[in-house]
Each structure stands twice: as C-alpha cells, then as structure tokens.
Amino acid sequence: MSLNCVFCQKVVFGSSGQTVPGMGPAHAHCYQAYRTMKRTFKSMDITQLTDVELADLKDLVLAEENDRKRKASGGTDEGDIELF
C-alpha cells in the first residue's frame with residue numbers, strides 16, 4: 001500500500017514525508033509550500049482574521065519587536081511597552 005501526498009499526489013516515503021493532521025500524508029516541502037501560500041503561522045490561519053483582528057495582531061507584533069529591541073540595547077524592563 002502506498003501513501004500519496006495530499007498536495008502533489010506523488011508517493012510519500014522516508015524522511016521526506018509527514019502526516020498533516022486532518023489532511024493525510026505529505027512531503028515536507030509540499031506542506032511548507034502549502035502553508036506559505038495559505039499564510040499560516042503556528043497553525044493560525046491569518047487569512048481568516050477580520051481586518052480589525054489583523055490590525056490588532058500587527059500592533060502586538062510591532063510592540064513585541066520594539067520591546068525586544070529596547071531590551072537588547074540595554075533598556076530597563078519597567079513593564080511599559082512602547083508601541084511605536
């Protein structure tokens with residue numbers, strides 16, 4: 001019995017294969033391409049976010065980046081996060 005990739009339909013075997021939950025067997029590179037095209041991050045499908053949710057997520061990411069830059073440059077950790 002052979003298992004075919006759910007994306008390219010070619011046989012999956014060895015270390016190049018993996019099981020995608022809810023979908024089936026896939027080549028690692030096929031799944032990576034699928035995730036990139038679908039715009040997912042850590043199982044979060046960002047295409048499903050509303051405009052408001054996407055803007056909130058963007059603000060959170062920017063705030064986190066600013067906080068990390070501040071800490072890396074020797075800033076104090078006073079609990080305040082600069083948004084911009």
Side-chain angles (χ1 to χ4, degrees):
M1 178 177 151
S2 63
L3 299 173
N4 294 339
C5 177
V6 295
F7 303 108
C8 73
Q9 306 308 315
K10 294 180 183 175
V11 176
V12 177
F13 59 92
S15 62
S16 70
Q18 65 184 72
T19 300
V20 180
M23 298 182 88
H27 296 107
H29 62 275
C30 289
Y31 181 57
Q32 178 93 18
Y34 167 78
R35 285 186 43 201
T36 300
M37 295 297 290
K38 189 157 173 53
R39 295 188 303 266
T40 60
F41 181 76
K42 297 225 178 203
S43 74
M44 177 192 291
D45 182 359
I46 62 172
T47 63
Q48 298 297 312
L49 297 175
T50 66
D51 290 344
V52 171
E53 291 169 333
L54 185 61
D56 289 346
L57 178 61
K58 182 179 177 181
D59 289 344
L60 284 171
V61 170
L62 288 173
E64 182 63 23
E65 283 181 338
N66 289 338
D67 187 51
R68 289 182 185 198
K69 285 177 187 174
R70 183 180 51 78
K71 288 178 182 174
S73 66
T76 60
D77 186 14
E78 297 175 8
D80 294 333
I81 296 177
E82 183 178 333
L83 294 178
F84 301 101

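The analysis underlying the following values was restricted to heavy atoms, covering all of them including side chains, and did not include hydrogens, waters or symmetry mates.
Take Leu60 and apply the side chain to side chain contact (heavy atoms under 4.5 Å, CB included) test, not counting sequence neighbours, and it matches no residue. With sequence neighbours excluded, no residue forms a salt bridge (Lys or Arg N to Asp or Glu O under 4.0 Å) with Asp56. For Lys58, there are no side chain to side chain donor-acceptor pair (under 3.5 Å) partners at least two apart in sequence or on another chain. Annotation: ring-ring contact (aromatic ring centres under 6.0 Å, His included) contacts of Phe7 (sequence neighbours excluded): Tyr34. Applying the side chain to side chain donor-acceptor pair (under 3.5 Å) test to Asn4 and every residue at least two apart in sequence or in another chain returns nothing. Here Thr36 pairs with nothing under the side chain to side chain donor-acceptor pair (under 3.5 Å) rule; sequence neighbours left out. Here Gln9 pairs with nothing under the side chain to side chain contact (heavy atoms under 4.5 Å, CB included) rule; sequence neighbours left out.
Proximity of Leu57 to Ile46: side-chain heavy atoms (C-beta onward) are separated by under 4.5 Å at one or more points. Proximity of Cys8 to His27: side-chain heavy atoms (C-beta onward) are separated by under 4.5 Å at one or more points.
Every pair passing salt bridge (charged side-chain N to carboxylate O under 4.0 Å, His left out) that includes a residue from residues 27-50 is listed here, sequence neighbours excluded: Lys38-Asp45. Counting only residues at least two apart or on different chains, no salt bridge (charged side-chain N to carboxylate O under 4.0 Å, His left out) pair has a member in residues 13-22.
Tyr31 and Met37 fall into different hydrophobic clusters, defined by Ile, Leu, Val, Met, Phe, Trp and Tyr side-chain heavy atoms under 4.5 Å apart, directly or through other members.
Within a 6.0 Å radius of CE in Met23, other residues, nucleotides and ligands contribute more than 12 heavy atoms.
Under the 4.5 angstrom side-chain criterion for Ile, Leu, Val, Met, Phe, Trp and Tyr, the cluster partners of Phe13 are Val11. Cluster partners of Val12, using a side-chain heavy-atom cutoff of under 4.5 Å among ILVMFWY residues and allowing indirect links: none. Other residues sharing a hydrophobic cluster with Val52 under the 4.5 Å side-chain heavy-atom criterion for ILVMFWY residues do not exist; the residue is a singleton.
Between the CD atom in Gln32 and the CD atom in Gln18 there is a gap of 9.0 Å [rounded to 0.5 Å].
Formation of a donor-acceptor pair under 3.5 Å by the Thr50 side chain with backbone atoms of Glu53 is found in this model.
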